[in-house]
Number of protein chains: 2
Amino acid sequence: MSITLKQLAQKLNLSVSTVSKALNDSHEISEDTKVKVQALAEELQYRPNLMAKSLKTGRSNTIGLVIPYITNPFQSQILEGAQQAALDRHYNLVFMQSREDAKMEEEALNALLQQQVGGIVISPSANSNERFLQAIHGKCPIILVDRIDFDIKTPKIGVNSEKGAFEATQHLIDAGRTEILVVTGKNLGINQKRLLGYKKALMANYLPNRPENVVYVEYGQTAEDLITNLTHLLDKRLKTYTEPIGILCTTDTLTIHTLGILAKLGVQVPDTVSLIGFANTEYADCMNPSLSTVFQPAVEMGYESVSRLIDLMEREGDMKEETVIMDPIIIPRNSTRTSPA
Amino acid sequence: MSITLKQLAQKLNLSVSTVSKALNDSHEISEDTKVKVQALAEELQYRPNLMAKSLKTGRSNTIGLVIPYITNPFQSQILEGAQQAALDRHYNLVFMQSREDAKMEEEALNALLQQQVGGIVISPSANSNERFLQAIHGKCPIILVDRIDFDIKTPKIGVNSEKGAFEATQHLIDAGRTEILVVTGKNLGINQKRLLGYKKALMANYLPNRPENVVYVEYGQTAEDLITNLTHLLDKRLKTYTEPIGILCTTDTLTIHTLGILAKLGVQVPDTVSLIGFANTEYADCMNPSLSTVFQPAVEMGYESVSRLIDLMEREGDMKEETVIMDPIIIPRNSTRTSPA
DNA sequence: TTGTACGCGTTATCAG
DNA sequence: CTGATAACGCGTACAA
């Protein structure tokens with residue numbers, strides 16, 4: 001056990017409260033004793049017991065973050081931003097994973113509440129229990145980040161997925177591609193937005209919307225699904241049409257895997273097929289060819305969400321449900337180059 | 001504020017202690033009241049206040065993890081494993097970043113101690129304050145993970161870097177390369193081990209050890225340093241010698257960047273230059289060419305470190321300083337292929 | 001300027 | 001079987 005106020009007080013022949021005040025630099029303590037107390041505290045490496053402190057004050061200065069997977073680079077960037085914001089505001093951040101599972105998510109939230117967090121930032125799992133979230137929101141402010149397509153009355157911070165997909169598709173079209181394939185995951189609300197942006201871009205350019213051009217990939221079997229489905233579709237497309245093909249992928253993992261599979265299939269990128277995808281990996285520039293991406297400000301989203309959560313907690317009362325939508329950025333690289341090098 | 005024992009007791013016309021015991025399934029409470037109490041607790045979503053609980057019991061069931069950067073995929077895998085272990089043992093894990101800075105590391109450790117963590121797993125920053133670590137270890141068990149080359153009396157869990165580098169170098173030699181370059185970071189103890197393994201492999205194969213074949217890259221300016229230094233060296237080597245060249249990189253980031261730079265330089269991999277590196281990214285297989293790697297069991301290391309830490313905490317007393325060394329695994333892919341496809 | 005008393009939400013001890 | 005009481009470490013009115 002570490003040293004306590006009481007022990008300090010004994011050694012100094014002072015009362016506990018005097019020591020407490022001295023350490024908190026209270027005006028009602030003489031400089032003299034302040035110095036003595038602080039000196040001993042320093043020497044003995046006194047560290048106030050945060051549990052006792054927050055039990056007493058009723059505030060823990062801790063907030064929680066729940067994300068699906070920490071190993072996902074996009075989500076780890078959210079965490080990075082969130083922790084930075086917490087640090088700046090002198091809060092502790094404790095994070096938990098839901099592993100895309102409603103039950104684990106519920107357990108994570110319960111664990112956070114038990115730790116008396118003052119607020120929670122969450123990127124809900126695909127099958128999240130909305131009622132549960134809403135119920136918690138009654139006692140403890142919640143902010144949604146990234147996965148904001150849930151019908152819950154909370155502030156939300158996300159990106160304009162539709163716009164990102166629209167612009168990416170337009171980028172492919174500008175690069176001279178008229179047959180645009182999409183690779184996407186199933187289920188997630190956010191993917192719907194991206195598909196919508198894709199379709200709108202097709203329409204805006206008077207291109208036909210062929211449902212068979214959408215490749216769906218199951219969560220957890222990215223590689224297998226991709227190889228079979230994509231190979232199949234590409235095979236057909238490359239033989240059927242002569243139109244130049246572009247591919248849009250809607251997530252980090254899908255994008256990188258698609259690039260890898262194209263390489264393995266010996267498909268020339270960008271000459272035969274042009275590729276762009278939502279991806280936040282810093283390695284995009286190291287790919288061969290370097291990968292054009294739709295970059296989402298993940299770190300900023302994390303930072304902003306925690307920052308706003310703390311604002312909310314500190315001036316509690318006005319619980320605005322505002323939604324902040326950030327813009328993704330198209331970063332053109334070689335995988336969508338127009339003229340061969 | 002959430003509901004408390006006292007409030008439950010009032011609604012039930014029972015004493016606080018009875019309610020407490022009922023919820024903890026004590027044998028000295030009648031089935032009858034247990035049912036009633038638990039029913040109401042469930043209905044009102046009672047969640048015990050962990051701060052109060054651990055203040056009372058003296059144990060927080062929380063452990064801390066300190067790593068340099070969460071956005072580093074290797075380190076996030078350590079976190080992943082660590083959290084999994086904590087979950088399995090019903091502990092909370094709170095993690096902090098040191099950002100490779102001794103001062104931030106100290107602050108992180110202090111924050112953890114204030115939160116009354118029962119133990120700490122740390123991957124120390126390059127310039128870590130050993131004395132501080134050792135001092136803390138007096139009050140609170142510490143385990144080093146990955147970065148284990150510190151002179152501190154604690155249990156340690158790491159990988160056999162020397163062996164990994166030796167085998168990777170041997171792998172390059174087996175692939176017919178006789179001029180082996182190394183790309184490495186400065187300062188870090190672990191890089192010394194890797195360089196050592198590299199040199200030993202050269203010796204074992206009667207190859208000359210040329211100091212000028214080592215490319216040093218400064219932390220934080222990976223890309224710039226790499227481009228200038230590597231371009232320079234390769235230029236010279238490719239013109240000076242006719243020996244087939246192999247490159248070994250000692251970290252994730254360096255490896256991926258090197259592959260990217262080779263592609264940009266138009267150097268054929270593996271035909272002109274063969275490449276292998278320490279890397280844990282799941283994307284290695286998606287690179288073009290797919291990247292041969294020295295894989296380190298990062299998740300397992302994280303898991304094992306937390307698991308052992310908890311063992312240590314629970315049967316406190318025998319504080320063994322054992323060091324566990326795991327073996328890295330060479331995963332050959334196309335970047336070191338021998339015969340062109 | 002310093003000290004006393006109390007309570008935050010729990011659990012543990014002991015008495016009824 | 002149930003309840004009163006003390007204590008964990010801290011902050012803060014209030015008394016001295």
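What's counted below: heavy atoms across the whole structure, side chains too, no hydrogens, waters or symmetry copies. Lettering follows sequence order; numbering is per chain, from 1.
Atom pair B:N61:CG and C:dT11:P shows a separation of 13 Å (rounding to whole Å applied). To the nearest angstrom, C1' of C:dG9 lies 6 Å from CG of B:N49. In this structure, B:L55 atom CG and C:dC8 atom C1' are separated by 9 Å, rounded to whole Å. For the pair A:Q7 CD and D:dC8 P, the computed distance is 10 Å after rounding to whole Å. Note: CZ (A:R59) to P (C:dC8) measures 17 Å, nearest angstrom. Going from atom CG of B:L5 over to atom C1' of C:dT10 covers 7 Å, rounded to whole Å. What separates NZ of B:K56 from P of D:dT5 is a distance of 16 Å, to the nearest Å.
Side chain B:K53 to base C:dT10: no donor-acceptor pair is found below 3.5 Å.
Contact check, A:K6 against D:dC8: a side-chain N or O comes under 4.0 Å of OP1 or OP2.
Under the side-chain hydrogen bond (donor to acceptor under 3.5 Å, both in side chains) criterion, A:Q97 pairs with B:E80, not counting sequence neighbours. Contacts of A:S60 classified as side-chain hydrogen bond (donor to acceptor under 3.5 Å, both in side chains), with partners at least two apart in sequence or in another chain: none. In this view, B:K36 satisfies the salt bridge (charged side-chain N to carboxylate O under 4.0 Å, His left out) rule with no residue, not counting sequence neighbours. Scanning for side-chain hydrogen bond (donor to acceptor under 3.5 Å, both in side chains) contacts around B:Y91 gives B:E314, with sequence neighbours left out. Shown here are the side-chain hydrogen bond (donor to acceptor under 3.5 Å, both in side chains) partners of A:D25, two or more places apart in sequence or in another chain: A:K34. Scanning for side-chain contact (heavy atoms from CB on, under 4.5 Å) contacts around B:D88 gives B:Q84, B:Y303, with sequence neighbours left out. Among residues two or more places apart in sequence or in another chain, the side-chain contact (heavy atoms from CB on, under 4.5 Å) test is passed with B:L55 by A:N49, A:A52, A:L55. Scanning for salt bridge (charged side-chain N to carboxylate O under 4.0 Å, His left out) contacts around B:E304 gives B:R308, with sequence neighbours left out.
A donor-acceptor contact shorter than 3.5 Å is absent between the side chain of B:E106 and the backbone of B:F132.
In the model, A:N61 has a side-chain atom that pairs as donor or acceptor with a side-chain atom of A:R59 under 3.5 Å.
Axis deviation across the helix from C:dT1-D:dA16 to C:dG16-D:dC1 amounts to 50°, comparing end segments of five pairs, rounded to 10 degrees.
Non-hydrogen atoms lying under 4.0 Å from DNA chain C are contributed by B:S17, B:S20, B:K21, all within residues 12-21 of chain B. Proximity of residues 22-46 of chain B to DNA chain D (heavy atom under 4.0 angstrom from any strand atom) is restricted to B:E28, B:I29, B:S30, B:T33.
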For residues 5-14 of chain B, run the donor-acceptor check on the side chains, cut-off 3.5 Å, and write out each pair with its distance to 0.1 Å, sequence neighbours left out.
unit_1, atom_1, unit_2, atom_2, d
B:Q7, OE1, B:T4, N, 3.2

